[in-house]
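Below, read A as the first sequence line, B as the second, and so on, with proteins coming before strands; counting in each chain starts at 1. The figures that follow rest on heavy atoms only: side chains count, while hydrogens, waters and symmetry mates do not.
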Amino acid sequence: MALQVYSTLTRKKEPFHKQPGETVTMYVCGPTVYKPSHIGHMVGPVIFDTVKRYLTYLGYKVTWVINITDVDDKLIKRAAELNTTVPALAERMTADYFDCLKKLNVTGIDHFPKATEHIGGMIEMITRLIEKGYAYPAAGDVYFDVSKDPDYGKLCNRDPEQLEAGSRIEVSDRKRNPGDFALWKGAKPSEPKEAIWESPWGPGRPGWHIECSVMASKLLGDTLDIHGGGLDLQFPHHENELAQSESATGKEFARFWMHNGLLKMGTAKMAGSVGNVVNIADLLQRHSPETVRFLLLSTHYRSPIEYSEDRLTEVAKSLQSFYRFFELYERATGESFYNIQQVECDQFPIGRPPDQITGMPDLESGSPGGEFMSCMADDFNTGAAIGIMFSTLSKLHYLGSLLKLDSNPSPYAVADIKNKTRILRTMANILGLFWAPPAKAALGGDDKLVAGLMQLLIDLRGNLRTEAKGAAKDNPLKPALFAQTDLIRKRLAELGVTLEDRPAGTTWRVG
RNA sequence: GGCCUCGUCGCCAAGUGGUAAGGCAACGGUUUGCAAAACCGUUAUUCCCCGGUUCGAAUCCGGGCGAGGCCUCCA
């Protein structure tokens, strides 16, 4: 099956048709940096990071841009509240955003343009729009005239005439039509001077939508292959971006509009405006970044995801079986799962559709499963792909049992499991999962002293076990010795440490 | 009022015309000194309801009922 991508513009899946050339250009709307990031802000980045990983695996080069909106009403207001400047606040919140991305293993973003660094380009585009008759200045502001754009509303199926019916649109006698939106906002007396720029229409700052149009074309060209963002940005933000850009350039703005579903808190979406946000920094106190990323990828990207502690706990539980396998793998092979080389895909030339990637639905072939690749080719169906990954894990565990990896593996068995585990490693790489071993750190598990003490305890308990197992059946010491070994295990469990007695020796872990 | 989604096992979730993936939970069994982990097996004749199209529908169409998003800032 060749790669199919759902297009918001046509409301259906379409064969992925990029522009000529090997590079895929992708633009995703980023945050307004006035508050620390909440989990909802990470949905898009995690999804599009996975999209990039998959496309890269197929052999495309992907250039991905996320913008940083560092000037806007909310920033001005918030900076005043905190008695700081807009640039200082923006810088701090941008750093927070970057930190969150890094923690969730979102590594593929190539450029983070800032709105304030592209004011000149915005003035140019606004000027061009005025010259072409799509925009008009009005008392220090500049507005886009929606009545001049014949296909305005095509992205969201909006009729400009009906926009008048909606009474929530900002009323302004400067606008010619109710649906007109600001390209440039004249400065108000109360606004700080670091948020004011000179322009042909007087001092002010850009409207919200224009920055994306300008930065996208500046960095990626007039036509994007993929434009992404949250579902809540469809209207008016993306509709207006599209109208501006296509009016200014006369070219198609984006081949594919992809919109991710929103994170919900109970039944309502999580958003600053609703006041039900969960900060990422807080969240990561309770759950690993991997758990969070896994949750975000476990459902289809266009569906809403409900955030809940229970859900995260459940996901964390399901990850355990992967970790158990990684440990088994390391015991058996002496090598870390995290260092495995993925199965390369470079035998598949650029643009070659995934249906030509053959072989491999099971563990017998050396390339990552056709089933997995088919799921990803079907509009990046990560939920189904994760299902395949679980099945693959099961097969590997089963193989591990057959090969007796935990007691006396033959060199053949070790070689076999090493070879087949590469498939799992490859799937994980495409989804951006299992990038680093889970920390034992919670209880000091990474500490050398703790590790030493644990080994001491395990050795002493091992002596007791050996003695108990060697004792005759009717020896009264036998149950007493076992009682001691069980007590040690029980007391450690109370501390959150699990002991596991295996043929080759006892292992321990936190959790 | 307009536009747009969604409703699949106790919970989460794939599947969008060919006879219900996967995870969590639960219950049997193997293994283990006992555990833990792992393995094997069981768990939706049925996909919110009612009609229709079809040889065939969870999937398409019509009508209900229910939940949500956008139309104002929002990832």
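Judged by distance alone, with hydrogens and angles left aside, A:Arg489 brings a side-chain donor or acceptor within reach of the base of B:C34, the pair sitting under 3.5 Å. You won't find any donor-acceptor pair under 3.5 Å spanning the side chain of A:Gln234 and the base of B:G69, going by distance alone. Contact annotation: side chain of A:Asp486 to base of B:G33, donor-acceptor pair present below 3.5 Å. Put simply, the side chain of A:Arg311 and the base of B:C11 share no donor and acceptor less than 3.5 Å apart.
The main-chain N or O of A:Lys264 is never found under 3.5 Å from a side-chain atom of A:Lys269 such that the two would form a donor-acceptor pair. For the pair A:Arg293 (side chain) and A:Gly432 (backbone), a donor-acceptor distance under 3.5 Å is present.
A:Lys77 has its NZ atom 14 Å from the P atom of B:C73, to the nearest Å. As rounded to whole Å, 12 Å separates atom P of B:A21 from atom CD1 of A:Ile388. B:U30 atom P lies 20 Å from atom CG of A:Asp406, rounded to whole Å. Distance CG (A:Leu262) to C1' (B:C73): 14 Å, rounded to an integer number of Å. Distance A:Leu296 CG to B:C12 C1': 14 Å, rounded to the nearest Å. As a whole-Å value, the separation of A:Tyr301 OH from B:A13 P is 17 Å.
Stacking between A:Phe390 and B:G23 is absent: the ring centroid is not both under 5.5 Å from the six-membered base ring centre and under 30° in plane angle.
For the pair A:Asp145 and A:Arg176, the salt-bridge criterion is met [side-chain N within less than 4.0 Å of a carboxylate O].
Under the Watson-Crick or G-U wobble criterion, with both distances below 3.5 Å, B:G51 is paired with B:C61. A 3.5 Å limit on both hydrogen-bonding distances identifies no Watson-Crick or G-U partner for B:A20. B:C3: Watson-Crick or G-U partner is B:G69, with both key distances under 3.5 Å.
For B:A25, one of the phosphate oxygens OP1 or OP2 lies less than 4.0 angstrom from a side-chain nitrogen or oxygen of A:Lys317. Regarding contacts with the backbone of B:G2, every side-chain N or O of A:Asn157 stays at 4.0 angstrom or more from both OP1 and OP2.
The separation of B:A57 from B:U19, taken at their C1' atoms, amounts to 10 Å, rounded to a whole angstrom.
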Using a 3.5 Å cut-off and no angle test, enumerate the donor-acceptor pairs between side-chain atoms of residues 224-232 of chain A and protein atoms at least two apart in sequence or in another chain.
unit_1, atom_1, unit_2, atom_2, d
A:Asp225, OD1, A:Gln19, N, 2.9
A:Asp225, OD1, A:Gln19, NE2, 3.3
A:Asp225, OD2, A:Thr25, N, 3.0
A:Asp225, OD2, A:Thr25, OG1, 3.4
A:His227, NE2, A:Glu241, OE1, 3.4

